[in-house]
Structures are given as C-alpha cells and as structure tokens.
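First comes the structure, then the notes that go with it.
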There are 2 protein chains.
Amino acid sequence: MSRTVDRALSILPLLAEGPADLGRVADRLGVHKSTALRLLRTLHEHGLVYRQSDQRYRLGARLFALAQEAMESLDVREIAHPHLVRLNETCGHTVHLAVHEDGEVLYIDKVDGRYPVRMYSRIGRPVAITVAAVAKLLLADLPEAERRAVAERLDYPMYTARSTPNAAAFLKELATVREQGWATDLGGHEESINCVAAPVRGADGRVVAAMSVSAPNVVVTADELLTLLPLVRRTADAISGEYSGRTPAKGTAE
Amino acid sequence: MSRTVDRALSILPLLAEGPADLGRVADRLGVHKSTALRLLRTLHEHGLVYRQSDQRYRLGARLFALAQEAMESLDVREIAHPHLVRLNETCGHTVHLAVHEDGEVLYIDKVDGRYPVRMYSRIGRPVAITVAAVAKLLLADLPEAERRAVAERLDYPMYTARSTPNAAAFLKELATVREQGWATDLGGHEESINCVAAPVRGADGRVVAAMSVSAPNVVVTADELLTLLPLVRRTADAISGEYSGRTPAKGTAE
DNA sequence: CAGGTGTGTTGCGTTCCTTGCAATGGTCAT
DNA sequence: ATGACCATTGCAAGGAACGCAACACACCTG
C-alpha cells in the first residue's frame with residue numbers, strides 16, 4: 001500500500017538469508033543504490049538492521065527485543081509453559097505449542113525430549129502446515145468458508161509418502177479432526193516421527209492454540225504414542241481451564 | 001531519513017507495549033488516522049503486525065521468524081552453544097552469552113543452572129549495560145573515544161548499592177577490565193547475584209562476544225565463584241579458537 | 001426508533017518527499 | 001600510480017504519501 005515502506009520491509013526477509021552489501025540489496029529490490037541506502041539507513045536507525053564491520057548489513061538487535069516482547073504478550077504461552085514442562089517430564093518426549101495467525105501456524109514454545117528428535121522445528125518457525133498435527137487442530141477450528149479458502153491456497157509438498165497430498169484430502173482430514181477433537185501426524189512430515197496433539201480452547205470454546213507430543217518410531221510405535229492421548233488431552237484441557245480463567249493456576253508465581 | 005518508513009517502523013515498539021487500536025496508533029504517531037491505517041496495512045502485508053479479533057493490532061508472526069533467522073545467522077552463537085552447555089554441566093550454574101551492537105548489549109544465548117537464579121535475563125533482551133560483567137567486557141574493547149562516548153550517553157540506575165554510579169566510575173571499571181581480560185559483577189544488578197565473565201575474541205583479537213557464569217550468594221560466595229574464573233576463561237578461549245577457525249571443532253556434526 | 005458517539009474506511013487534490021541520475025570520495029588491488 | 005569497485009552526496013522532476021472531509025458501520029442511550 002505504501003511503496004516506500006513496502007520496499008523497506010522487503011529488505012528484512014532478504015537480509016534474513018544472510019548479510020548483504022548495499023549493491024546486492026539494491027539489486028534484489030530492483031531500485032537504485034541511493035534508494036536502498038536511504039532505506040537501510042532508516043532501518044538502521046530503528047535498530048532493525050545492523051552494519052557489521054565489513055560494511056555489510058545484517059538483521060539487527062532490536063528485532064530480537066521486539067520478537068521477545070511480542071512473545072511475552074502472548075499469554076497462552078506463559079500459562080502453558082509449566083504444563084508443557086510437566087508433560088515432558090512425565091513422558092520424556094518433545095512437546096510443542098503452536099498458534100495460528102493469518103494463514104500461518106507457528107511454534108511458540110517447545111520442550112525438548114530425552115530422545116533426540118530430528119525435527120525441523122524451532123520456536124518462531126512456521127509449521128509444516130499441511131501435515132503437522134497442531135496445524136490440523138488450529139485450521140479445523142476455522143469457519144467452513146475460511147478453512148476451505150486456506151486449504152485451496154496452500155501447497156501440498158510430499159515430505160513423505162504419507163503427507164497430505166492435496167486440498168481435498170486435507171479438508172477431509174480437518175473434518176475428522178474437528179469431529180474427534182484431537183489430531184495426529186503419523187510420519188507425514190518425517191518418515192520416522194509421529195505426533196499426537198490436542199487443542200487449547202479459550203473461554204468461548206474457540207481453539208486458541210494446540211499442543212503436541214512427538215516421538216520417533218524407534219522409541220515408541222505409533223500405537224504406543226496414542227496411549228498418551230488421554231494425558232495430552234488432559235494437559236491441554238488444564239491449560240484451557242487456566243487460560244479462560246476457570247482454574248486459578250497453582251503455584252506459578254513468577 | 002525516510003519519513004514514511006520512519007513512521008511505519010515507529011509503530012513496532014509502540015505495539016510492543018501491547019495491542020492498540022487505530023486511533024491510538026495515529027495519536028501516538030502524531031498523524032492522521034488514514035495515514036496510520038495505510039502504514040498498518042503495509043506492515044500487516046509483511047506479517048509484522050497482526051490484527052486480532054477485536055480489530056486491535058499486535059506485533060505479528062513474521063517478526064518471530066525474522067528474529068529466529070537473524071539469530072541463526074549469528075555464527076558465534078552456533079559455535080559457542082555446546083561449550084556453554086558443557087560448562088553448565090560442569091559447574092551447574094547459569095551461563096550467558098552476549099554480544100554488543102550499536103551501543104546495546106544483549107544476551108544471545110543462555111543455559112539455565114540447577115539453582116534457580118532470579119535473573120531478569122532473556123535471550124534477545126538488552127543487558128543491564130552499566131553493571132553486567134559481559135557488558136563491561138564488550139564495551140572495554142571499544143576504542144577509547146567510542147568507549148567514552150557510550151559511557152557519557154548511558155544512564156546509571158542504582159539497582160543496588162553496588163551498582164556503577166556514574167560514567168567516571170564506569171570508565172574506570174572498563175579500564176580495569178580491559179587490563180585484566182575478564183570481568184565480574186558482584187551484586188551490582190541483583191543484590192544476591194554474582195557473575196564472572198570472559199571474552200570471546202575473533203581472529204583479529206577483537207572481542208566479538210562475552211560469556212558469563214552467574215550464581216546466587218546462597219549457593220556459592222563471590223570468592224568461591226571466582227575460583228571458576230580459570231574454567232570460564234578456558235571455555236571462552238576454546239570458543240575463540242573455534243570461531244576464528246584455529247581449532248577445527250570436535251564432534252559438532254549437525 | 002431516532003439520534004448520537006465512537007469506531008474504521010475511502011476518494012481526492014495538494015504538497016512534499018522519494019526517486020534515480022550523475023558526480024564525488026574512499027578503499028583496496030594490481 | 002592507476003584503475004576498479006563500492007558507498008555516499010546533491011539535485012531536479014515526478015509521483016506518492018499526506019491530511020481532509022465524507023462515508024459506513026456498530027453500539028449505546030434517551
């Protein structure tokens with residue numbers, strides 16, 4: 001909507017790929033160097049980009065601080081965290097918490113399990129939206145029309161043979177998930193990794209977040225992992241209760 | 001330098017304080033609502049702000065992803081992490097890693113200790129720059145003129161009775177730190193917490209990062225903590241060696 | 001139900017800011 | 001020294017962002 005701002009902001013993802021010098025930024029933006037320079041300077045003044053000693057530009061410090069503050073204002077995360085830790089201590093597996101935002105699903109918390117899980121998941125990173133159990137839960141809760149719109153818009157990469165192949169299959173899966181109130185990902189992202197997930201709901205019953213437990217095949221089979229479902233659901237419900245103000249949170253004085 | 005971009009970027013810290021509606025944003029920026037709307041829309045398109053269900057604006061998802069990627073491109077962090085973990089396992093205390101950027105010092109990694117340390121430190125958060133041991137090391141390495149300039153510009157909040165009171169005292173402390181090649185914070189931030197820190201240096205000898213070990217008085221006295229200094233320095237040196245490419249990093253296959 | 005107040009949103013003319021060019025200044029090789 | 005390459009500056013012209021005012025909409029309130 002605003003060309004100048006639009007260009008300036010386009011610099012950020014560009015720099016996220018790695019440091020770049022002025023010429024490179026100008027080229028990638030398709031603008032004159034002097035233009036790029038002024039944009040970079042403005043970004044620099046706000047601390048969003050940093051000029052390293054070799055004069056190239058990098059993403060800057062303020063970005064961390066902003067992300068940090070944004071993260072903290074997500075109160076689901078604060079509330080859920082101790083529950084995730086407890087669940088992790090009980091079952092030993094990796095636990096994730098994710099939210100939906102503007103057609104993206106992203107992890108906002110993670111507690112690593114005992115067993116190394118080769119998962120490409122990091123806090124703040126977008127989720128493999130077509131296959132992840134948490135994504136299914138979050139999207140399944142959208143109103144019919146929006147769900148359909150999102151499903152049509154997505155790509156369906158075949159990470160494995162069991163990945164969701166297309167929009168139709170995805171919508172069908174979402175219907176199931178919506179029905180049963182929980183979701184799984186059985187080797188749909190990484191061949192050897194299974195997940196089971198449950199929704200966190202707000203006071204109005206809408207799904208505000210989703211949590212999952214992930215474990216590699218070599219440690220527990222999919223069937224064994226499914227036996228954890230009741231525990232996962234109970235944990236999610238506990239978070240829901242606390243989040244919607246029904247349960248008064250015990251001993252979480254921070 | 002670019003008014004439009006400048007205004008747009010000013011919205012981000014504003015929203016970091018918490019969600020705000022259009023009117024509020026316009027007021028705080030000192031612009032007309034229609035202007036604020038266009039800026040917010042542009043930010044929204046780039047995913048930097050998110051419009052929540054009550055129509056108010058919040059910081060958005062892309063911010064996390066960007067911060068995440070920025071973090072990953074900091075290769076000191078990658079290299080240092082296993083060393084921090086090892087150090088933490090050895091001594092059991094909380095370990096921090098910090099860098100300097102444009103007059104700010106911020107934590108880029110942290111490994112929590114066994115003993116709960118009531119420290120207001122988070123990854124991505126600015127450090128209490130006038131008292132933190134890591135900050136002293138990073139600033140002590142600046143050229144004389146710049147060091148002086150930064151010192152004059154700072155505020156000197158008295159967190160405790162032992163906080164650095166003013167620029168003169170700070171510069172004196174920096175001189176000492178520069179001389180001895182390590183730094184401490186003995187109750188200068190939190191009455192009951194002591195830290196000891198050592199610098200990580202690049203191939204050219206300049207300080208690129210600093211790491212510290214922090215522990216509460218009730219667990220170890222300041223004197224006891226100081227006995228860890230050789231270990232901390234050795235760890236920092238190991239990171240330095242690996243970072244500057246002298247030591248080939250052992251068994252860190254990702 | 002009419003009328004008011006608080007929103008967010010749109011169209012448009014004017015102005016000022018952004019743009020790209022060309023020229024300058026620096027730095028590093030050869 | 002010389003040339004290549006990069007960042008940086010001043011400037012004139014064109015376009016885009018600005019603020020205004022009017023509209024749309026929801027929510028109270030009498």
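Convention: sequence-line order gives letters A, B, ...; per-chain numbering from 1. Just so you know, these numbers use all the heavy atoms, side chains as well, and skip hydrogens, waters and symmetry mates.
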Inset, instruction - Name the residue closer to the 5' end of DNA chain C, choosing between B:R38 and B:H32 according to the nucleotide with the nearest heavy atom. - result: B:H32

Legend entry - Main-chain N/O of A:A20 paired with A:R56 side-chain donor or acceptor, under 3.5 Å: no

Inset, instruction - Check every strand shown and say whether B:R24 touches a base, only sugar-phosphate, or nothing at a heavy-atom separation below 4.0 Å. - result: nothing

Legend entry - Secondary-structure stems, DNA chain C, at least 3 Watson-Crick or G-U base pairs under 3.5 Å: C:4-30 with D:1-27

Inset, instruction - For B:H32 and B:S34, indicate whether the former's side chain and the latter's backbone hold a donor-acceptor pair under 3.5 Å. - result: yes

Inset, instruction - Give one of base, sugar-phosphate or nothing for A:S2, where a contact means two heavy atoms less than 4.0 Å apart. - result: sugar-phosphate

Inset, instruction - Would you mind classifying the nucleic acid contact of B:R51 as base, sugar-phosphate or nothing, using non-hydrogen atoms under 4.0 angstrom? - result: sugar-phosphate

Legend entry - Heavy-atom closest contact (B:E242 atom, B:H83 atom, distance): OE1-NE2, 2.9 Å

Inset, instruction - Keeping the roles fixed (side chain from B:R77, backbone from B:D109), state whether a donor-acceptor pair exists under 3.5 Å. - result: no

Legend entry - Backbone N/O of B:A197 and side chain of B:S212: donor-acceptor pair under 3.5 Å: no

Legend entry - A:R206: partners by salt bridge (charged side-chain N to carboxylate O under 4.0 Å, His left out), with sequence neighbours left out: A:D141

Inset, instruction - In plain terms, say whether B:R147 and B:E152 are close enough for a salt bridge, that is, a side-chain N and a carboxylate O under 4.0 Å apart. - result: no

Inset, instruction - Tell me what B:R41 touches on the nucleic acid: a base, only sugar-phosphate, or nothing, going by heavy atoms under 4.0 Å. - result: sugar-phosphate

Inset, instruction - Would you classify B:T4 as touching base, sugar-phosphate or nothing, given that sugar-phosphate means primed atoms plus P, OP1 and OP2, and contacts are heavy atoms under 4.0 Å? - result: sugar-phosphate

Inset, instruction - Just call it for A:R7: base, sugar-phosphate, or nothing, with non-hydrogen atoms closer than 4.0 Å on any strand. - result: sugar-phosphate

Legend entry - Main-chain N/O of B:T184 paired with B:K136 side-chain donor or acceptor, under 3.5 Å: yes

Legend entry - Along DNA chain C, first and last positions that approach a heavy atom of chain B under 4.0 Å: C:dG8 to C:dT18

Legend entry - Leading and trailing nucleotides of DNA chain D with any atom under 4.0 Å from heavy atoms of chain B: D:dA17 to D:dA21

Inset, instruction - Apply salt bridge (charged side-chain N to carboxylate O under 4.0 Å, His left out) to B:E69 and list each qualifying residue two or more places apart in sequence or on a separate chain. - result: none

Inset, instruction - Could you pull out all residues at least two apart from B:R148 that satisfy salt bridge (charged side-chain N to carboxylate O under 4.0 Å, His left out)? - result: B:E144

Legend entry - Residue among A:R62, A:R58, A:Q52 satisfying side chain to side chain donor-acceptor pair (under 3.5 Å) with B:E101: A:R58

Inset, instruction - Select from A:L37 and B:L39 the residue whose nearest nucleotide in DNA chain D is closer to the 5' end of that strand. - result: A:L37

